[in-house]
Amino acid sequence: MKSISAKAIHEAVRDMIMDACRLLSDDVYDAFTKAHAEEESASAKEVMAQLIENADLARNTQLALCQDTGSAVFFVDYGEDVKIEGGSLEQVLSDAMVEAYDKGYLRKSMCHPLTRKNTGDNTPPIIHAHVVPGDVLRIRFMAKGGGSENMSRVAMLKPAQGWAGIRDFVVRTMAEAGPNPCPPTVVGVGIGGTFDLAPTLAKKALFRPIGVRNADPEVAAMETELLAAINDLGIGPMGLGGKTTSLDVKVEMHPCHIASLPVAVNVQCHSSRTKEVVF
Amino acid sequence: MATYNLTTPLRDEDVVPLHAGDVVYLTGTIYTARDAAHRKLMEALDNEERLPFELQGAIIYYVGPAPAPPGCAIGSAGPTTSGRMDSYAPRLHALGVKASIGKGKRSQEVRDALQEHKGVYFGATGGAGALLSQRITASEVIAYPELGPEAIRKLTVKDFPLLVVNDAHGAELYAKPRYEP
Ligand code: SF4
């Protein structure tokens, strides 16, 4: 059994959240620089230059990269030989999140679905926890913006539609999203599983750094093909036209029922803010 | 593509010359309102109550800013997706609102309202909230504080960088996706 104090988790998670919302990770920053170099039109170049300047500014001040600091989404691998001392996993993540959103000048964006009354402290976080063998506790965080989340879609395709159907659904989803989700986007795709698992796979895929392909060469080839097809749409940075509509596409695949072919597209904006801590 | 420096409030003479693709640097007073604030504004109009700001010539910025860190007038403050305000925008343009600022596509109804009432829809760079906050010199909550980030704020802006996305002549700037089913 490995014992980890709730206090240690709280502090690490709090700091991780504040950093994620202000310090753009290197893979995303490098992708901005590359897009800036490759774009030809003045407007696309200008948007990329602004995004680079924005990232530099957030890094050197206390300003968040984007005012929408998101729903607080966690993916946790909870080793079965781990014991948290002094609190439950859910409580410690929620408390750390509340402190981070307060101390880090982050926006509180959660509200009642119908009355639209703000919960006031960004609670509740959205937590996906999985029990895994061993004594490791891995906590991944994503600040998930609403504008890109709104353009996400799920479809229950017919098995006969196969790859062509999947490809068309993904590309059509991005064509319909157009300028709305703050392109250049990162696109998470979940193929298979069940009605609920496909979107979770799509979201989980977004944690993989830009440029890193799926370990399965067949899935990696799908990612490359989808990225090229999406960039052929010509939507470009902020929808003003250009070569870079998406920075990357991440696919995760899972076996599904013989009757089904679930596909989910989780759209992530250029402000792709993820971070992890491991105990 | 032309560049204009405009000051608020906007008049027909300011709006009519603008064409999709033009760059505008805006200086003066603008008002923030997003989903929940629009709902409140519509209720106020239905009940014939006084509105928190003068609509004539007004510019509405679709934004819910982040809290201001010490020494800043406002926190990160970039645009939110405008399409969610499409159902409210024509009514506000009919009552004198001249422009809105946001990101993303507008409905045909909004584009028609811009033509009919000589209005303009500006795009600001989405996700560049830290950068855009630097052009906001003052911020004050003037209505619905209970809405938190969705409260209506009066902002003072200096050379706020905008692109004309939909003009008063029916044109739109966004690239048409090359998609054929
Ligand atoms: S879609 Fe992303 S970058 Fe754009 S406003 Fe929302 S959180 Fe910010």
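Quick caveat: nothing in here was measured; it's all calculated off a predicted structure. Any value given below was found using the heavy atoms of this structure, including those in side chains, with hydrogens, waters and symmetry copies removed.
Smallest separation of non-hydrogen atoms from B:Tyr179 and A:Ala175: CB-CB, 3.8 Å. Residues A:Leu51 and B:Thr125 share a closest heavy-atom pair of CD2-CG2, 4.1 Å. Taking every heavy atom of both residues into account, B:Gly104 and A:Pro179 meet most closely at CA-CG, 3.9 Å. Here the closest non-hydrogen pair linking B:Ala130 and A:Ala64 is CB-O, 3.5 Å. Nearest heavy atom pair, residue B:Leu131 against residue A:Gln50, reads CD2-O, 3.5 Å.
In this structure, chain A has a heavy atom under 4.5 Å from the side chain of B:Leu163, while its backbone stays farther away. Contacts of A:Glu176 with chain B are made by backbone atoms alone, with heavy-atom separations under 4.5 Å and no side-chain atom involved. A:Asp168 touches chain B through backbone and side chain together, each having a heavy atom under 4.5 Å away. Of the two parts of B:Gln134, only the side chain, counted from C-beta on, holds a non-hydrogen atom closer than 4.5 Å to a non-hydrogen atom of chain A. Of the two parts of A:Ile235, the backbone and the side chain both hold a non-hydrogen atom closer than 4.5 Å to a non-hydrogen atom of chain B. Proximity to chain B (any heavy atom under 4.5 Å) is shown, for A:Asp56, by neither the backbone nor the side chain. Neither the backbone nor the side chain of B:Arg106 comes within contact range of chain A; no heavy atom of the residue lies under 4.5 Å from a heavy atom of that chain. Heavy atoms closer than 4.5 Å to chain A are found in the backbone of B:Pro79, but not in its side chain. With a threshold of 4.5 angstrom between heavy atoms, A:Thr115 approaches chain B through N, CA, C or O but not through any side-chain atom. With a threshold of 4.5 angstrom between heavy atoms, B:Ala77 approaches chain A through N, CA, C or O but not through any side-chain atom.
Distance CG/B:Leu147 to CG/A:Asn118: 8.5 Å, rounded to 0.5 Å. Expressed to the nearest 0.5 Å, how far CG of B:Leu132 lies from CG of A:Leu63 amounts to 11.0 Å. To the nearest 0.5 Å, the span separating CD on B:Glu150 from CZ on A:Arg107 amounts to 7.5 Å.
Taking the side chain as every heavy atom from C-beta outward, B:Thr80 and A:Asp68 never approach each other to under 4.5 Å. The shortest side-chain heavy-atom distance between B:Pro67 and A:Lys108 falls under the 4.5 Å cut-off.
In terms of heavy-atom pairs under 4.5 angstrom with chain A, the leader among B:Lys105, B:Lys103, B:Arg39 is B:Lys105. Annotation: maximal heavy-atom pairing with chain B below 4.5 Å, among A:Leu240, A:Leu106, A:Asn180, A:Asp232, occurs at A:Asn180. Chosen from A:Asn150, A:Thr245, A:Thr61, A:Leu57, the residue pairing most often with chain B at heavy-atom distances under 4.5 Å is A:Leu57. Contact count against chain B (heavy-atom pairs under 4.5 Å) is highest for A:Arg172 among A:Arg116, A:Arg172, A:Gln62. Between chain A and the residues B:Gly148, B:Gly75, B:Pro65, the largest count of heavy-atom pairs under 4.5 Å involves B:Pro65. With chain A as partner, the option from B:Gly21, B:Ala36, B:Pro161, B:Ala68 having the largest number of non-hydrogen pairs under 4.5 angstrom is B:Ala68. Highest contact tally toward chain A, considering only B:Ala128, B:Pro177, B:Pro69, B:Gly102, is held by B:Pro69 [criterion: heavy-atom pairs under 4.5 Å]. Chosen from A:Ser271, A:Gly242, A:Gly234, A:Gly241, the residue pairing most often with chain B at heavy-atom distances under 4.5 Å is A:Gly234.
A donor-acceptor pair under 3.5 Å links the side-chain atoms of A:Gln67 to the main chain of B:Gly78, judged by distance alone.
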Decide side chain to side chain contact (heavy atoms under 4.5 Å, CB included) for B:Ser76 and A:Leu65; before the verdict, give the C-alpha distance in whole Å, the side-chain angles of both, and the deciding distance to 0.1 Å.
CA-CA 7 Å; B:Ser76 193; A:Leu65 284 156; over 6 Å; no
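Other residues, nucleotides and ligands contribute at most 12 non-hydrogen atoms within 6.0 Å of the OH atom of B:Tyr25. Within 6.0 Å of NZ in B:Lys154 there are 12 or fewer heavy atoms belonging to other residues, nucleotides or ligands.
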